Amino acid sequence: MTIQNVYDLAVIGAGPAGIVGATTAASLGARVVLIDRYGDLGGAGANTGTVPSKTLRETALALSGIRSRDLDGVDLSLRREATVADLMRREHAVRKALNRTLAQLVEASSVELIVGDAHFEDAHTIGVRSGATSSLIRAERTLISTGSSPYRPNGFPFDRPGVYDSDTILELNTIPKSLAVVGAGAVGSEYACTFSALGTKVHLIDSRDVLLPFLDSEVSTALTRAVRQSGIEMHCSERVAECNGAGGEITVTLQSGAIVRTEAVLVAAGRRSNTVSLNLAAAGLAPGERGDLKVDDHYRTGVPHIYAAGDVIGFPGLASTGMQQARRAMSVAFGGAGNLPTRDILPSAVYTIPEVAMAGDTEQAVHAAGVDYVVGRARYTDNPRGCIIGEKEGFLKLIFRREDLKLLGVHAIGEFASELVHIGLIAMAADCDATVFSGLSFNVPTLGALYQDATWRLINERRRTAASRTSAI
Ligand SMILES: Cc1cc2nc3c(=O)[nH]c(=O)nc-3n(C[C@H](O)[C@H](O)[C@H](O)COP(=O)(O)OP(=O)(O)OC[C@H]3O[C@@H](n4cnc5c(N)ncnc54)[C@H](O)[C@@H]3O)c2cc1C
């Protein structure tokens, strides 16, 4: 077979990382080809992960009327039975709209798109199979952004109706009355909350004793409490010993001997990088245990002209992070790195109910690093907008270095927490101190004003402490 085309860059995988990588390189003048095995662009981000799960969550909240809010005197109990058709109709519409937008973006960026399965023939040659046809292309550089798939641990009968992973859960045709979620990471916790909002009796099983321990511990403790209060039954410090199904009921036996009987099981046991079919050895690459690729600070693999970004390189496995990695990698590769900030502060959000988000350091991390710090806190219930929306659990926590009140970390739980942390993210990236919040005027009523509330509380507390010290002398 002869080589059909030569490119500056071949991008394998058109998820969030691949699309951003391809369009960034094209904007820097590179001749780019983007290869994906599916014509519906957007990868797990658009088709099976980020967007579908958040659409389901929004729809579940709207249909159930539950939200995490408490509007006194207003009956927000389930107003009508949500059917799976209700849920899926919206999910399908949102997904298709996004697929179209991404296809237009790729076309407008003059990126050539090939639909097919890609593999390496050698470090510069990529074979693409599409049905009965095969082609070969040559690329000076390659970006591998093939993403990840749900990891399926042994011992779960995935061939049985009612046993799902985080991809196949989107295929369900009835809302189960009861659901066991195995694994309380971000995906498991989010789906547990969504189904609970839909009235499903949810059991959440995890080997740890607190939800999402990478969060600031105040936030993960508050989330754990809120999740329990919502009616989700948590089985902490537990592992699944056996999972069997018979007669429409699935029995999950835990190592403690406890038995959970449910209509459905969602196994959310992490992800595995999609590298098996790439024939990496032909390019001189060897993946890690879960198929992941190792990269340096510029997202170069062990073969310097081959880059990798997104889920395929493992933790943290977020669409947001994957896009930033790809942008940085391609900016370095094609000479546009000057436009990027010198350091990445990557925010994260988990769309549980209530949602949680963070950027920068946790209090545990600051403490462990021996940094002298102070904390400012503000509760949604003390903020006019928080009161109006009836959000009971929410709070914002700001961690400042004591000596100069530089912002080190921002943590939030509650409605719009994922949006709220961006204010703190920008303040950190700009190396701001507390005066950026205390000295500016914020719109009222807004949740953004929580930054002022938290900062002024802290400043006033420090003033009171200083005054009482002086008067004691
Ligand atoms: C339920 C769920 C909820 C999530 N929620 C969030 C969230 O709220 N926020 C967030 O930031 N992230 C979230 N994520 C994670 C997010 O979806 C992923 O981090 C993101 O999609 C990874 O992007 P990617 O470009 O690396 O890979 P992917 O999106 O997985 O895309 C990879 C693409 O590569 C293609 N491909 C693979 N192998 C080949 C091959 N050999 N040849 C051709 N094409 C190939 C695939 O078809 C796919 O289109 C969630 C994930 C899940 C499962």
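Counting starts at 1 for both ligands and their atoms, following the listed order. From a predicted model like this one, the values you see are computed outputs, not experimental measurements. Values reported hereafter were calculated over all heavy atoms of this structure, with side chains retained and with hydrogens, waters and symmetry mates removed.
Side-chain polar atoms of Arg37 and Ser277 form a donor-acceptor pair below 3.5 angstrom. A donor-acceptor pair shorter than 3.5 Å cannot be found between the side chains of Glu91 and Thr55. For the residue pair Ser148/Asn274, the side-chain donor-acceptor check at 3.5 Å is not satisfied. Between the side chains of Arg327 and Gln324, at least one donor N or O lies within less than 3.5 Å of an accepting N or O.
The protein heavy atom nearest to atom 3 (C) of ligand 1 is Ser53 OG, 3.3 Å. If you check which protein heavy atom lies closest to atom 44 (N) of ligand 1, you get Arg37 N, 3.2 Å. In terms of protein heavy atoms, atom 28 (P) of ligand 1 is closest to Ala44 N, 3.6 Å. Nearest protein heavy-atom neighbour of atom 37 (C) of ligand 1: Thr146 O, 3.3 Å. Protein heavy atom nearest atom 52 (C) of ligand 1, with residue, atom name and distance: Gly49 CA, 3.4 Å. Shortest contact from atom 34 (O) of ligand 1 to any protein heavy atom: Gly13 CA, 3.2 Å. The protein non-hydrogen atom at the shortest distance from atom 27 (O) of ligand 1 is Gly147 CA, 3.1 Å.
A distance-only check finds no donor-acceptor pair linking the side chain of Ser109 to the backbone of Ala26 [under 3.5 Å]. Using modelled atom types, no side-chain atom of Tyr7 and backbone atom of Ala30 make a donor-acceptor pair closer than 3.5 Å. Although no hydrogens or angles enter the test, the distance criterion places no donor-acceptor pair under 3.5 Å between the side chain of Ser166 and the main chain of Ala268. A donor-acceptor distance shorter than 3.5 angstrom exists from the side chain of Glu391 to the backbone of Glu415, with no hydrogens or angles considered. With hydrogens and angles disregarded, a donor-acceptor distance shorter than 3.5 Å links the side chain of Gln325 to the backbone of Gly310. Counting only distance, with no hydrogens or angles, the side chain of Arg57 and the backbone of Thr352 share a donor-acceptor pair below 3.5 Å.
Per-residue contacts place Ser277 under 4.0 angstrom from the following atoms of ligand 1 (heavy atoms of the residue considered): 41 (N). Near Leu278, the atoms of ligand 1 lying under 4.0 angstrom from a non-hydrogen atom of the residue are 41 (N). Less than 4.0 angstrom separates some heavy atom of Gly116 from each of these atoms of ligand 1: 42 (N), 43 (C). Numbered from 1 in the order shown, with element, the atoms of ligand 1 that lie under 4.0 Å from a heavy atom of Lys54 read 3 (C), 4 (C), 5 (N), 6 (C), 7 (C), 8 (O). For ligand 1, the atoms sitting less than 4.0 Å from at least one non-hydrogen atom of Ser320 are 11 (O), numbered in the order shown with element in parentheses. Those atoms of ligand 1 with a heavy atom of Ala17 less than 4.0 angstrom away are 25 (O), 26 (O). Applying the 4.0 Å criterion to heavy atoms of Tyr38 picks out, from ligand 1, the atoms 47 (O). Distances below 4.0 Å separate heavy atoms of Leu318 from the following atoms of ligand 1: 10 (C), 11 (O), 12 (N), 19 (O).
Of the listed residues (Val11, Val276, Ile35, Leu278), just one forms a side-chain contact (heavy atoms from CB on, under 4.5 Å) with Thr146, and that residue is Leu278.
Taking only nitrogen or oxygen atoms, main chain and side chain alike, Tyr351 does not reach within less than 3.5 Å of ligand 1. Considering backbone and side-chain atoms alike, Gly45 places an N or O below 3.5 Å from some N or O of ligand 1. Residue-to-ligand polar distances place Ala118 within reach of ligand 1: an N/O pair is separated by less than 3.5 Å. Of the polar atoms of Gly317, at least one N or O is found under 3.5 Å from an N or O of ligand 1, judged by distance alone. Checked by distance only, ligand 1 and Arg271 stay at 3.5 Å or farther apart across all their nitrogen or oxygen atoms. For ligand 1, the polar-atom distance check against Val187 finds no nitrogen or oxygen pair separated by under 3.5 Å. An N or O contact shorter than 3.5 Å is missing between Thr48 and ligand 1 by distance. Among the atoms of Asp36, some N or O lies under 3.5 angstrom from an N or O of ligand 1.
Here Ala319 has heavy atoms under 4.0 Å from ligand 1 in both its backbone and its side chain. Contacts with ligand 1 closer than 4.0 Å are made by backbone heavy atoms (N, CA, C, O) of Ser145 only, the side chain lying farther away. Contacts between His119 and ligand 1, counted as non-hydrogen atom pairs separated by less than 4.0 Å, are absent for every part of the residue. The proximity of Asp311 to ligand 1, defined as any non-hydrogen pair under 4.0 Å, involves the side chain as well as the backbone. Of the heavy atoms in Ile19, none comes closer than 4.0 Å to ligand 1. Using a 4.0 Å cut-off between heavy atoms, Ser148 contacts ligand 1 through its backbone alone, with no side-chain atom that close.
Residues Glu171 and Thr168 meet the side-chain proximity criterion, which asks for heavy atoms closer than 4.5 Å. You'll find the side chain of Ser189 stays beyond 4.5 Å of the side chain of Val227, heavy atoms only. Within the 4.5 Å cutoff, side-chain heavy atoms of Asp311 are placed close to those of Arg271. Leu56 places a side-chain heavy atom less than 4.5 Å from the side chain of Leu170.
Here the CG-OG1 distance, from Leu285 to Thr275, works out to 10.0 Å after rounding to the nearest 0.5 Å.
Heavy-atom proximity to atom 16 (C) of ligand 1, evaluated over Thr50, Asp117, Asn47, is greatest for Thr50. Summarising the contacts of atom 23 (O) of ligand 1 with Pro16, Gly310, Gly15, the nearest heavy atom is found in Pro16.
The side chain to side chain contact (heavy atoms under 4.5 Å, CB included) test applied to Leu98 returns Ala46, Val51, Leu102, not counting sequence neighbours. Taking Glu233 as the reference, Lys201 meet the salt bridge (charged side-chain N to carboxylate O under 4.0 Å, His left out) condition, with sequence neighbours excluded.
Within the 4.0 Å heavy-atom shell around ligand 1 one does not find Ala268. Using a non-hydrogen distance threshold of 4.0 Å, Gly322 does not register as a contact of ligand 1.
Look at Lys54 and Glu58 and you find no salt bridge, because none of the NZ, NE, NH1 or NH2 atoms lies under 4.0 Å from a carboxylate O.
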